[in-house]
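From a predicted model like this one, the values you see are computed outputs, not experimental measurements. FYI, side chains are in, hydrogens and waters are out, and symmetry mates aren't considered; it's all heavy atoms of this structure.
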Amino acid sequence: MVTKLNKVQAGYHLLMILSHVDGKFVKSERNVIGNYVKEFFPNPIHLENEIEILNDLSSNDYFFHFTNAMNDFYEDSTQEERIHFLDFAVKIVKADNEITNEENLYLKELFFAWDSDNE
């Protein structure tokens, strides 16, 4: 059974997966995630549970988990919050100055799913 994530958790999971789908995790991506955590996590100690969940995922499970987190975030957010989050998503994909096909696929999934015309 998949546990529903709250908006802040879901956003963290989305960013972490976006930062890992290209097979590398660089300092500039860590900085984007750090900014997200500073802005939205009231107490970063709770990240331990999120990191454990993400570490247990195989790369084959990324897309399934990503779409679940995307839907969880959507359910608990306003359009303005989604637009603000998309800025973080774009920043993390661009952080290493290279956008891979995998990153592009995930980012497009977010944009298409959250397109205001689809609401």
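Transitive grouping of hydrophobic side chains (ILVMFWY, heavy atoms separated by less than 4.5 Å) brings L110 and I33 into a common cluster. In terms of hydrophobic clustering, with Ile, Leu, Val, Met, Phe, Trp and Tyr side chains grouped at heavy-atom distances under 4.5 Å, F73 and L5 are assigned to different clusters. Both L105 and L86 belong to a common hydrophobic cluster when Ile, Leu, Val, Met, Phe, Trp and Tyr are linked at side-chain heavy-atom distances under 4.5 angstrom.
Note that the CD1 atom of I99 and the CG atom of N104 stand 7.0 Å from one another [nearest 0.5 Å]. From I83, atom CD1 reaches atom OG1 of T78 across 8.0 Å, with rounding to the nearest 0.5 Å. Taking CE of M70 as the reference point, atom CG of L14 lies at 8.0 Å (rounded to 0.5 Å). Distance OG/S59 to CD/E102: 10.0 Å, rounded to 0.5 Å. Separation of atoms NZ (K38) and CG (N35) is listed at 5.5 Å; rounding is to 0.5 Å. With rounding to the nearest 0.5 angstrom, the CD atom of E109 is 7.0 Å from the OG1 atom of T67.
With Y12 contributing its side chain and V37 its backbone, the two residues share no donor-acceptor pair below 3.5 Å. Judged by distance alone, the side chain of Y36 and the main-chain N or O of F85 form no donor-acceptor pair under 3.5 Å. For D76 (side chain) and N6 (main-chain N/O), no donor-acceptor pair under 3.5 Å exists by modelled atom type. Looking at D115, its side chain never comes within 3.5 Å of a backbone N or O of F111 through a donor-acceptor pair. In this structure, E75 contributes its side chain and D72 its backbone to no donor-acceptor pair below 3.5 Å.
With sequence neighbours left out, the side chain to side chain donor-acceptor pair (under 3.5 Å) criterion links D87 to K91. Evaluation of the side chain to side chain donor-acceptor pair (under 3.5 Å) rule for E39 yields H84 as partners, not counting sequence neighbours. S19 pairs by the side chain to side chain donor-acceptor pair (under 3.5 Å) definition with nothing, not counting sequence neighbours.
Residue pairs that meet the side chain to side chain donor-acceptor pair (under 3.5 Å) test with at least one member in residues 24-33, sequence neighbours left out, are K24-E98. Within the structure, every pair that satisfies the salt bridge (Lys or Arg N to Asp or Glu O under 4.0 Å) test and touches residues 7-22, not counting sequence neighbours, is listed here: K7-E81. Each salt bridge (Lys or Arg N to Asp or Glu O under 4.0 Å) pair with one or both residues in residues 50-68, not counting sequence neighbours, would appear here, but there are none.
Across all their heavy atoms, L107 and L18 have their closest contact at N-CD2, 4.2 Å. Contact between Y74 and W114 at its shortest, heavy atoms only, is CD1-CD1, 3.3 Å.
In this structure, F40 and F88 have side chains that are in contact, with non-hydrogen atoms separated by less than 4.5 Å. With contacts defined as side-chain heavy-atom distances shorter than 4.5 Å, the pair Q9/I53 does not qualify. F66 is not listed as a side-chain neighbour of V21, based on a closest heavy-atom distance of 4.5 Å or more.
If you run ring pair (Phe, Tyr, Trp, His ring centres under 6.0 Å) between Y106 and each of F112, F63, Y62, only F63 comes through.
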